[in-house]
Colleague: 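Here it is, the structure, as structure tokens.
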Amino acid sequence: MRQSHQLSLVGLLLFSLIPSQLCEICEVSEENYIRLKPLLNTMNQSKYTRGTSSSVNVLLSLQLVRIQNQNLKQKLIQQIEYIVKRRLSQVSSGELALIILALGACRNSEENLIYDYHLIDKLENKFQAEIENMEAHNGNPLTNYYQLSLDVLALCLFNGNYSTTKVVNYFTPENKNYYFDNQFSVDTGAMAVLALTCVKRSLINGQVKTDESNLKNISIYIKSLVEKILFEKKENGLIGNTFSTGEAMQALFVSSDYYHENDWNCQQTLNTVLTEISQGAFSTPTAAAQVLPALMGKTFLDVNKDSSCVSAAGNFSISTQEPVTVTTPGSQSSISVNYSVRINETYFANVIVPKGSVFLDVMEKAQKMNDTIFGFTMEKSSWGPYITSVQGLWASNNDRTYWELLSGGKPLSQGVGSYVVHDGENLEVRWSKY
Ligand code: CBY
């Protein structure tokens, strides 16, 4: 009796000595769930017209946090099914990876779509095409490292084939693809930490075999990326900017063995994000979807945890109240902004738009004024419209060129479809390299 007592004490002691455990998570407490409502409203009220990629982000997010809203989920799954059936060849590698994560996030019937449509094989091919493009174009992938990380993550979680040695070769923290214009991309680094952690875990479990040196390198990479992420922590607790913080939190949750407790005050970050939510910062479905899992203590590594999607948090329902209109009814006042296109020369225009207009409205107005100088094209992305060309000059991933958005000479942290312009502002689209 006495001995067994001693044994359990020893067990307890050993348990408490296990290295700081695998995950260190802080999350919104149940009494604060109400503060997440704006995120759910945004996701619930979006239109999700045929084939929009934001539906994928939203489904993944809802599945991860186990929210019961069958109507919305059914609608999203239909959208995704349409993408899978009709336009899979046009989908990028990372979008396909997200589709797999969203469909496979819990044990439900939609998981079958992954296998019926051979999505894992197709992802292997798209990942291979990314690597081939890097080999042919000076290390530049077809898309970017955020998407390559999603690819590795989905292949790792769903037992697809990938070469650990290639992952080790391509994901060194010094790789230029982690940086845009010399600035470390927190979103990209965070997604890479999630992917590398998955790979590391499957090596440790023995699910995948490899040399000892690969495992060691992966640990070194995770440590270095975590340092870079923490280096981007701001005074108020945000990491990178408002939109990268949720993903940075996920990366830090799964990598708590690699930093000291005092290096990150999770609660402060959480509180600042909650404040930002109340100020309407996450007003697009993708922004809302990307931040939600972390706030509820979930990470992309929780996908495929063999559980069904019956929830603990099911009790917070999504209201269907009408969206709050930003512009006050009847306010037809106009504002005037300066708009310029900069290539080598700068082309100016003064543009009058209704109050509450977004950057895109300004570009459209300028285009109407002079199509040769201000003509542009765009494509849809999950974050809204992305500008692909101005004056017939096209952005290129192979050349790492893009059209950068600025206000008063400073880069914006929102796209043309969401940035609301102000009277007297100096807006610019600039031909840039990243
Ligand atoms: N997602 C992707 O493939 C995008 C990955 C991402 C790292 C992404 C940010 C992060 C995320 N969570 O999705 C990303 N942006 C990339 C890779 C890029 C590059 C795109 C080209 C390529 N190689 O794939 C590039 C050119 C460097 C880039 N982003 C440009 C821009 C500007 C777009 C301007 C335009 N031409 O329309 C812009 C507006 C920055 C600027 N000042 O010019 C920009 N990005 C922004 C603001 C953002 C954030 C959007 C935030 C918001 N609320 O709208 C972003 C979340 C994101 C999308 N970019 Co990029 C980063 C942030 O601020 N935290 C996977 C796919 C499946 O969905």
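In listed order, ligands and their atoms are each counted from 1.
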Colleague: For the 3.5 Å polar cut-off, considering only N or O atoms, please tell me whether E95 and ligand 1 meet it.
Modeller: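 Among all N and O atoms of E95, none is under 3.5 Å from an N or O of ligand 1.
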Colleague: Which option out of N397, T284, T242, N144 puts a heavy atom nearest to atom 21 (C) of ligand 1?
Modeller: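 The nearest heavy atom belongs to N397.
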Colleague: Consider every N or O of Q290 and every N or O of ligand 1, then say whether any pair is closer than 3.5 Å.
Modeller: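 Yes; the residue has a nitrogen or oxygen that sits under 3.5 Å from a nitrogen or oxygen of the ligand.
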Colleague: Between E235 and K233, is the closest basic N to carboxylate O distance under 4.0 Å?
Modeller: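 No, K233 and E235 are not salt-bridged.
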Colleague: Classify the ring geometry of W431 against W403: parallel below 30°, tilted from 30° to 60°, perpendicular beyond 60°.
Modeller: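 The rings of W431 and W403 sit tilted, inter-plane angle from 30° to 60°.
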Colleague: Please state which part of F180 comes within less than 4.0 Å of ligand 1, counting heavy atoms only: side chain, backbone, both or neither.
Modeller: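 The side chain, only.
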Colleague: Test of understanding: given a 4.0 Å heavy-atom threshold, classify the contact between M378 and ligand 1 as side chain, backbone, both, or neither.
Modeller: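 Neither part.
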Colleague: Taking 4.0 angstrom as the limit, do E232 and K228 come out as a salt bridge?
Modeller: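 Looking at K228 together with E232, the answer is no, because their closest N to O distance does not fall below 4.0 Å.
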Colleague: Of the backbone atoms (N, CA, C, O) and the side-chain heavy atoms from C-beta on, which set of E247 has a member under 4.0 Å from an atom of ligand 1: side chain, backbone, both, or neither?
Modeller: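 Near ligand 1, E247 shows its side chain, while the N, CA, C and O stay back.
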Colleague: Give the contacting part of S382 toward ligand 1: side chain, backbone, both or neither, where contact means a heavy-atom distance below 4.0 Å.
Modeller: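 For S382, the contact with ligand 1 is made by the side chain alone.
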Colleague: Heavy atoms only: which of T188, I99, L150, N177 lies closest to atom 7 (C) of ligand 1?
Modeller: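 That would be T188.
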Colleague: Which ligand 1 atoms are under 4.0 Å away from a heavy-atom of Y402?
Modeller: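 In order of number, 26 (C), 30 (C), 43 (O).
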Colleague: Minimum distance, heavy atoms only, to atom 41 (C) of ligand 1: which one of V416, L405, D187 is it?
Modeller: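 Among V416, L405, D187, the closest heavy atom to atom 41 (C) of ligand 1 belongs to L405.
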Colleague: Heavy-atom distances under 4.0 Å decide this one: backbone, side chain, both or neither, for N241 against ligand 1?
Modeller: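 The answer is the side chain.
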Colleague: Kindly assign one of parallel, tilted or perpendicular to the pair F374 and Y339, based on the angle between their ring planes and the thresholds 30° and 60°.
Modeller: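 Taking Y339 first and then F374, their aromatic rings sit tilted (interplane angle of 30° to 60°).
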